[in-house]
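Report on the structure given below.
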Amino acid sequence: MNFTRWSARLPGTQRRAAARTDRAGQGSVPAARGESGPQPQPWPDEAAEAPALDDLSVPDILGQLPALVALLHGPEHRVAYVNDAYTAAFGTRPLGSPAAKALPELDELGLLPLMDQVLRSRKPRTVKSRKTQGAGSYTVTCTPVEIPGQDEGGVLVFAADVTDHAEAAERLRASERRHRETAVTLQRSLLPQELEQPDDLRVAATYQPGGTDAAVGGDWYDVITLGAGRTALVIGDVMGRGVRAAAVMGQLRTAVRAYARLDLPPHEVLQLLDGLAAEIDASQIATCVYAVHDPNEGRLVYASAGHLPVLVRHEDGTVHRAEDPTGPPLGTGGWLHTSGTIALPPGATAVLYTDGLVERRREDIDEGVAALERALSGAVGTPQVVCDRLLRSLGVTAEHDDDVAVLVCQHPARTGPTAELFHNAALDLLGGIEAAPRARAFASGVLVSWRFPVELRDLGVLAASELVANSLQHGTPPMRLRLRRTDRRLIIEVTDGDDHLPRRRRADPADEAGRGISIVATIASSWGSRRTPGGGKAVWCEFALPG
């Protein structure tokens, strides 16, 4: 008879005995003569006998589990059983008492409402890594059980000690927080610690690191005062994340500041930056916008290397986009960048930004720029307020997955007492022997009307005279003398039609000329020169106003 079918009809004890007899009989069959190989061995009784589940004691099994087990019954969750591991963790518990009193740790773990839900729904529930005061962390499963002879039912609480895992996870999270803080600190250290504040613009910038990982990014911005009241505004983005992107970003930002000191047109700055980017790391893609604001012209002159367009909001709320010209990203080589202009009159606000502000997955980037235009049209207030409002309007939060940099500058419309601190005066010079006396008389009269102290007035007249004399000797018409007063400085500038830039040199005692620029550099706070559109030049100097 087949052993399996025969033993299945026997009671449990008889089946086990039959199994032993059958296996013993099989093991005693000798091997056929001539056969080789290992011979079957008799099965020992201990290995053959497996206890039936009905013969096992449930309390004995639960008592030996390393996990914490408690059985509770009824709507009050009265304690019916706790195993040894539970007692070792929380101490002896009186049976028959409500869990709210006898097992306060369950309340501490927040399990009492969960057990109510399990008792009602008759479905198991699990909570992960709940922490108790001084007793560790536990992952707990609450399972409904039917108690014979009772209609109320009960809940079996099974708690696994995950203290080591929870502590390791917390150490990992703390380490990740430290790494991220270090990365963000590195990123911010590569950005301007404090923005320069020009006389004629109000500026603010915001940098929001992307994601929660510890990778630094390549977004950057800068504000550079160029002298004579002019200001350079820069924003850029090195694609990708990590130390390499941050290193390239830091080198580009430093290079831009160096090139800006040359007071070149925006497209020439990008041309120099393009060659440098290819030398630094040709595998890194970088974009940049370099713009210059001249308060005398009321506009931004800008050049773009693959970057998103500058946006300008006027006082009436209309927003204009600086569309062209835009060249390829930095480092591509072989491209001649060009400069464009966009009006920035008093009362207007310009916004420069990186793609993290407007780019979203499964959405065209033009839609993001359009959303930014709508947000900017209603954004009023200080530059910092505008920054914050744009971030909120575009949904940039701490969980945003890309770095965001925003630079906002406002050309304020000054009225009342504030406007009295800002003045402009200009005189066209026709050349000839009367040009120098006319320039001195004009400068003296303007500085007297601006109520400058006598000493500063005399220095200003001397500087204007030397700059005009230099232009008359080395320049060509048309010539113009311009004086400008801000709340912090006096600016004197002379323009002419020759593009040869002057330089300071040491004159010999016998020389009758060559001392003009040296005199200006000695008496003024700063001086400089630049080429102007159309083939001319401007030579300027500044005096800091007292107190």
Side-chain angles (χ1 to χ4, degrees), residues 12-13 46 49-181 212 397-399:
T13 304
E46 292 79 9
E49 184 172 357
L53 187 60
D54 295 342
D55 297 338
L56 300 176
S57 169
V58 173
D60 289 343
I61 295 175
L62 296 180
Q64 297 177 29
L65 290 178
L68 283 60
V69 178
L71 179 63
L72 306 106
H73 69 90
E76 294 183 349
H77 307 302
R78 295 185 178 273
V79 182
Y81 170 82
V82 292
N83 69 347
D84 294 341
Y86 196 107
T87 301
F90 296 110
T92 305
R93 294 295 187 264
L95 302 181
S97 301
K101 295 181 179 179
L103 305 178
E105 60 276 358
L106 297 185
D107 187 26
E108 187 179 351
L109 290 168
L111 295 179
L112 295 182
L114 183 66
M115 290 191 298
D116 290 336
Q117 182 182 356
V118 169
L119 203 58
R120 290 193 303 268
S121 66
R122 314 305 295 170
K123 294 181 180 180
R125 294 288 186 271
T126 299
V127 294
K128 295 182 178 180
S129 195
R130 292 284 179 90
K131 192 173 183 180
T132 61
Q133 293 291 335
S137 299
Y138 297 89
T139 291
V140 184
T141 298
C142 298
T143 304
V145 295
E146 298 290 342
I147 300 179
Q150 296 189 18
D151 297 331
E152 295 175 337
V155 177
L156 181 70
V157 177
F158 184 92
D161 190 340
V162 294
T163 302
D164 293 341
H165 180 272
E167 290 177 352
E170 179 56 36
R171 288 193 297 270
L172 178 61
R173 286 191 293 268
S175 176
E176 291 174 345
R177 285 194 298 269
R178 289 193 299 270
H179 289 168
R180 174 167 171 75
E181 290 170 0
T212 57
T397 64
E399 291 75 30

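Being a predicted model, the structure only gives us computed values, none of them experimental.
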Side chain to side chain donor-acceptor pair (under 3.5 Å) assessment of S137 paired with S129: CA-CA 5 Å; S137 299; S129 195; 4.6 Å; no

Distance, nearest 0.5 Å, that separates CD of Q117 from CG of L111: 12.0 Å

Contact check, side chains of L114 and V127, non-hydrogen atoms, under 4.5 Å: yes

CG on L106 to OH on Y138, rounded to 0.5 Å: 11.0 Å

Minimum heavy-atom distance between A102 and V79, given as atom pair plus value: CB-CG2, 3.9 Å

Closest non-hydrogen atom pair, L119 against G74: CD2-O, 3.5 Å

Residue pair A99 / L72: nearest heavy atoms and the distance that separates them: CB-CD2, 3.3 Å

Derivation of the side chain to side chain contact (heavy atoms under 4.5 Å, CB included) call for R130 and V140: CA-CA 8 Å; R130 292 284 179 90; V140 184; 5.6 Å; no

Spacing of L71 atom CG and L156 atom CG [to the nearest 0.5 Å]: 6.0 Å

Evaluation steps, side chain to side chain contact (heavy atoms under 4.5 Å, CB included), between H73 and V155: CA-CA 6 Å; H73 69 90; V155 177; over 6 Å; no

Step-by-step side chain to side chain contact (heavy atoms under 4.5 Å, CB included) determination, R122 to E146: CA-CA 10 Å; R122 314 305 295 170; E146 298 290 342; 3.2 Å; yes

Ion pair check, E76 and K101, cut-off under 4.0 Å: no

Inter-residue atom distance H77.NE2 - C142.SG, 0.5 Å rounding: 9.0 Å

Verdict with reasoning, V82 to F90, per side chain to side chain contact (heavy atoms under 4.5 Å, CB included): CA-CA 10 Å; V82 292; F90 296 110; over 6 Å; no

Closest heavy-atom pair and its distance - R78, P98: NH1-CD, 3.5 Å

From CG (D84) to CG (L68), nearest 0.5 Å: 10.5 Å

OG1 on T132 to CD on E105, rounded to 0.5 Å: 8.5 Å

Closest non-hydrogen atom pair between N83 and A67, with its separation: ND2-O, 2.8 Å

